[in-house]
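First comes the structure, then the notes that go with it.
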Amino acid sequence: MTTTDARTVGEDLRQRVADFLAEHDHTTMDRLDFLRARYDAGLAWVNFPEGHGGLGLPRALQGQVDAQLAAAGAPDNNPRGNGIGLGMAAPTILAFGTEEQKKKFLRPLWTGEQVWCQLFSEPGAGSDLAAVSTRAVREGGDWVVNGQKVWTSSAHKAQMAILVARTNPEVSKHAGLSYFLCNMDAPGVDVRPLRQITGEAEFNEVFLTDVHIPDSQRLGDEGQGWRVATATLNNERVAIGGGGGGRESGMVGVLAKSWREHPERRGVGQHDKLLRLWVDNEVARMTGQRLRQKLAAGEPGPEGSAMKLTFARIAQEASGMELELLGEEGLRASDWTMKRPQHVDFTGRDAVYRYLRAKGNSIEGGTSEILRNVISERVLGLPSEPRVDTGIAWKDLPR
């Protein structure tokens, strides 16, 4: 697309939004009705196809739409409240779902009528996701699922989940998986909180006992679960590490603010450390911009793993330095009540919370150790490490 063509598309889109606002008065309409109308008008995510909340336009134009609607005071879909749905489930459903599945799930997902969670990790299958033991057995038109999932963000408020389960134990662990869309209010789904070091329980463990999932909610072919899950994980790592904020965003921005406000507390060598973190954060931010431009042209690749790895390191080092800078004041925790939050606020809380919560950044969304393997093998093309389970049926693997 030439610069002139891009300018014309942008102008046409601005007019489309203006016409939509003229026809839909958000000050008198019900919020949900307004969001549904916005989706139907193709202004939900403009890069999605027509009929599925989009217009088939470049992804970069979404910011223009969001800014124009925000300037008019229109309500949004509370994206922070459904990060897994919007960042992981939606692109996976778009890539692998049938037309019926797209029509059924994408609209209520975007409007926030259905909050989503992710039923992937298990007590014995975290970093090695392909080792999941949750079983799904076909019974007529349904799949009956039994097993346990863990570290499930937002399960306590979710209506739907993306689920990976083993449908064939007779083949190798990667080949015997299938991917499902699971109703969280189905009989047999039991959600229990996991209290973290922060005092909160944003994560959960989920027990599945004879949970029935219709075959119409299988995403992708039977046995294709690893391929579908890989696409989801690539989107997850971009969502976690891809950033999107401006200069001095994230933990480094909080640290820089404390640095400016407390010059009397600066120690020897801290200025050099802060500058190195600031530069690293800026490099990561610009790399994220290039990655998002690449996403506009196709599916996310393993480069998102590098972004997520960098995000975790910077967040942990910056939050640790902030505690050093604040001294005794930084040790004051504002609250230790056991809560089940609606969303995670990485930067708007006290320094103790930031420091403790950042410890999870190198675990969630793929451990830093595993991501280094992904980068070395899939980005740098280095030889893969020896794998003793290749070609062995899952049922025959030692556990």
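Residues: numbered from 1 along the sequence shown.
- Looking at Q196 and L356, their side chains never come closer than 4.5 Å, going by heavy atoms from C-beta outward.
- Annotation for V352 and G330: closest pair CG2-O, 2.8 Å, computed over non-hydrogen atoms.
- The pair D19-R16 does not count as a salt bridge, with every side-chain nitrogen at least 4.0 angstrom from each carboxylate oxygen.
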Would you please test E364 and N361 for side-chain contact (heavy atoms from CB on, under 4.5 Å) and show each step? CA-CA 6 Å; E364 59 195 348; N361 295 155; 2.8 Å; yes
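- Residues that satisfy the ring-ring contact (aromatic ring centres under 6.0 Å, His included) test with W278, not counting sequence neighbours, are absent from this structure.
- In this structure, the side chain of N168 engages the main chain of E170 through a donor-acceptor pair within 3.5 Å.
- Atom OH of Y355 has 12 or fewer heavy atoms from other residues, nucleotides or ligands within 6.0 Å.
- Looking at H156, its side chain does come within 3.5 Å of a backbone N or O of P341 through a donor-acceptor pair.
- Note that the CD1 atom of I314 and the OG atom of S319 stand 11.5 Å from one another [nearest 0.5 Å].
- The number of heavy atoms from other shown groups lying within 6.0 Å of CH2 (W151) does not exceed 12.
- Using a 4.5 Å heavy-atom threshold, the side chains of W259 and R266 count as touching.
- The distance from atom CD1 of I93 to atom CZ of F48, rounded to the nearest 0.5 Å, is 9.0 Å.
- Annotation: the span from Q159 atom CD to C117 atom SG amounts to 9.5 Å, rounded to 0.5 Å.
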Can T8 and D12 be said to form a side-chain contact (heavy atoms from CB on, under 4.5 Å), step by step? CA-CA 6 Å; T8 300; D12 290 345; 3.8 Å; yes
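- Within the 4.5 Å cutoff, the side chain of V145 has no heavy atoms near those of the C182 side chain.
- Looking at heavy atoms from C-beta onward, F180 lies out of side-chain contact with Q217 at the 4.5 angstrom threshold.
- Sorted by first and then second residue, the side-chain hydrogen bond (donor to acceptor under 3.5 Å, both in side chains) pairs with a member in residues 69-89 read R80-H343; sequence neighbours excluded.
- Considering CG of L397 and OG of S133, their distance stands at 12.0 Å, rounded to 0.5 Å.
- Here D40 does not pair with R36 in a salt bridge; the nearest charged N to carboxylate O distance is not below 4.0 Å.
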Any chance you could lay out the side-chain hydrogen bond (donor to acceptor under 3.5 Å, both in side chains) test for E113 and T111, step after step, and finish with the verdict? CA-CA 6 Å; E113 295 169 77; T111 61; 2.6 Å; yes
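- Taking all atoms of both residues into account, the shortest heavy-atom contact from Q62 to A44 is NE2-O, 3.1 Å.
- The cationic group of R192 lies under 6.0 Å from the six-membered ring centre of F207 and within 45° of the ring axis, placing it in a cation-pi geometry.
- Judged by distance alone, the side chains of S216 and E100 never bring a donor and an acceptor atom under 3.5 Å apart.
- Residues V206 and A155 come closest through the heavy atom pair CG2-CB, 3.9 Å.
- Side-chain contact between K149 and V132 is present, with heavy atoms from C-beta onward closer than 4.5 Å.
- Between L233 and L129, the closest side-chain pair of non-hydrogen atoms falls below 4.5 Å.
- Of the inter-residue distances, the one linking L382 atom CG with N373 atom CG reads 10.5 Å to the nearest 0.5 angstrom.
- Under the 4.0 Å criterion applied to side-chain N and carboxylate O atoms, R357 and D350 are not assigned as salt-bridge partners.
- Annotation for A351 and L323: closest pair CB-CD2, 3.8 Å, computed over non-hydrogen atoms.
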Could you walk me through whether L43 and L13 pass the side-chain contact (heavy atoms from CB on, under 4.5 Å) test, one step at a time? CA-CA 9 Å; L43 301 175; L13 186 58; 4.1 Å; yes
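- No salt bridge links E122 with R166; every basic N to acidic carboxylate O contact stays at or beyond 4.0 Å.
- In this structure a side-chain-to-backbone donor-acceptor pair under 3.5 Å is missing from Q114 to L109.
- In terms of hydrophobic clustering, with Ile, Leu, Val, Met, Phe, Trp and Tyr side chains grouped at heavy-atom distances under 4.5 Å, Y179 and F96 are assigned to a common cluster.
- With respect to the salt-bridge test (charged N to carboxylate O, under 4.0 angstrom), the residues R313 and E317 qualify.
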Before you tell me yes or no, could you show the steps for E385 and E377 under side-chain contact (heavy atoms from CB on, under 4.5 Å), namely the whole-Å CA-CA distance, both residues' side-chain angles and the distance that decides it to 0.1 Å? CA-CA 9 Å; E385 61 181 8; E377 295 175 12; 4.1 Å; yes
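- Taking CZ of R218 as the reference point, atom CD of Q101 lies at 8.5 Å (rounded to 0.5 Å).
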Run K273 and D280 through salt bridge (charged side-chain N to carboxylate O under 4.0 Å, His left out) and show every step you take. CA-CA 11 Å; K273 184 177 181 180; D280 285 351; over 6 Å; no
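- Annotation: H52 is not in aromatic contact with W45 [ring centroid separation under 6.0 Å not met].
- Using a 4.0 Å cut-off between charged nitrogen and carboxylate oxygen, E282 and R285 count as a salt-bridge pair.
- Taking 4.5 Å as the limit, some side-chain heavy atom of I162 sits within range of a side-chain heavy atom of F120.
- The closest side-chain heavy-atom distance from L69 to H26 is not below 4.5 Å.
- Under the salt bridge (Lys or Arg N to Asp or Glu O under 4.0 Å) test applied with R265, the options E322, E324, E328, E329 reduce to a single match, E329.
- Using modelled atom types, one finds no donor on one side chain facing an acceptor on the other under 3.5 Å when comparing R14 with Q68.
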